[in-house]
Amino acid sequence: MAKLLQLLSKQCYSLQKVIFLFPTVIAFIFFYCCYLHPKYLTGTDTAVSEFLKYSQPKVLTPSRKDVLVLTPWLAPIVWEGTFDINLLNKQFRLQNATVGLTVFAVNKYILLLEPFLKTAEKHFMVGHSLNYYIFTDQPHLVPQVPLEKGRQVVVLRVPSYDRWEDISMNRMEIISNASRERFFREVDYLVCTDVDLEFSDHVGVEILSSLFATIHQDFFVVERQFFTNERKPESQAYISEEEGDFYYTGALFGGSVREVYRLTRACYQAIKIDKANHLEAEWQEESHLNKYLLYHKPTKLLSPEYMCYSRLLNDLEYQQLQAWTRILKRIRIIISSKKLKVTENNASPKV
Ligand code: GAL
Ligand code: MN
């Protein structure tokens, strides 16, 4: 009997143990699944914890004191020192987005494609998926440039024009059609550039936004009445001398496919109306781009670091040059005089 009692009390003790252990085990499993399982230690959660490692932005310490970093409509202006590229890259990777770059290599401009592509592979969107859309009248002359993983060239045939003005203006129609036909399906962002330039330093995801444009180097400290906007009131591109925020270059702009589609379609339609009225704006599609951007403010602006004319830097006196290099800490894209010489052989060179 005593043995039986002993056994019963032992069983009771194990039962108590079970009652105590069971919820503890359940709680542990729950905690493991929620927080410790390897699945939760990789992927986005890790990325989020890594985000915390960059240095804290300080409310009383501006990133740059010498230049404007925000427009009155609250669009950032991208300068060296205003962004943390590691942080931006990590954030961009979470979007799993692809960038498309459009470039036109028509007539002699095909000669400029090789340095363009080679330097883009070195400096442009490095480490990200990229489609180069090369519009050309001579697909057989597109150079074979070795590409990094996740990057590809798509060659698209376009008609040839003798005047660079026509090549230039037609880009708006071609980009807007291609957006509808393929870009919406194939990429998330579009970057539209001229071919007569080379990448000389980092150009990455810091430029991307729903609609971005680049401040033209010649006009970034100039009063608006001296901008080379279209001044013929009959033109669709007309801007009065009292209007204008910045003068934007036509050599580099972009954004989401939706915004680039809207912009290029609007510019193309305006160019078509001008043509019907026998008008051509002073700087062709660049004038129409400036008109569009006056009424549809870009959500991000690129500083002239992103479009430098080497001729301008060559012409400066030593002291002026020092002042410039204090402001332009990095020259990321350069329109070199060497390249301009190639186009000078053209019947109607663009400078
Ligand atoms: C020039 C440039 C042209 C055009 C013009 C506007 O420096 O080469 O493409 O942008 O400025 O005034
Ligand atoms: Mn150009």
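Start at 1 and go down the list; that is how both ligands and their atoms are numbered.
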Worksheet entry | Salt-bridge present (Arg332, Glu305; N to O < 4.0 Å) | yes
Item to complete: Give the atom name of whichever N/O/S atom in Asp194 sits closest to the Mn ion (ligand 2).
Response: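 This turns out to be OD2.
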In terms of atom number and element, which parts of ligand 1 are under 4.0 angstrom from non-hydrogen atoms of [X]?
X      : answer
His216 : 1 (C), 2 (C), 4 (C), 5 (C), 6 (C), 7 (O), 10 (O), 11 (O)
Thr228 : 6 (C), 12 (O)
Asp218 : 1 (C), 7 (O), 11 (O)

Practice prompt. Check the angle between the aromatic planes of Phe183 and Phe135 and answer parallel, tilted or perpendicular using the 30° and 60° thresholds.
Written response: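 Because their plane-to-plane angle is over 60°, the rings of Phe183 and Phe135 count as perpendicular.
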Item to complete: Could you tell me whether some N/O pair between Tyr247 and ligand 1 is separated by less than 3.5 angstrom?
Response: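 For ligand 1, there is no N or O atom that lies under 3.5 Å from one belonging to Tyr247.
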If you look only at distance, which donor and acceptor atoms sit under 3.5 Å apart when one is on a side chain in residues 218-226 and the other is two or more places apart or in another chain?
residue : atom : partner : partner atom : Å
Arg224  : NE   : Gly244  : O            : 2.8
Arg224  : NH1  : Glu242  : O            : 3.1
Arg224  : NH2  : Gly244  : O            : 3.1

Practice prompt. May I ask you to check whether over 12 heavy atoms, not counting those of Lys118, lie within 6.0 Å of atom NZ?
Written response: no
Item to complete: Return each pair, listed once, that meets side-chain hydrogen bond (donor to acceptor under 3.5 Å, both in side chains) where at least one residue sits in residues 137-148; pairs must be two or more places apart or across chains.
Response: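 Counting only pairs at least two positions apart or across chains, the side-chain hydrogen bond (donor to acceptor under 3.5 Å, both in side chains) contacts touching residues 137-148 are Asp137-Ser160.
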Worksheet entry | Option of least heavy-atom distance to atom 5 (C) of ligand 1 (set: Trp283, Phe219, Phe226) | Trp283
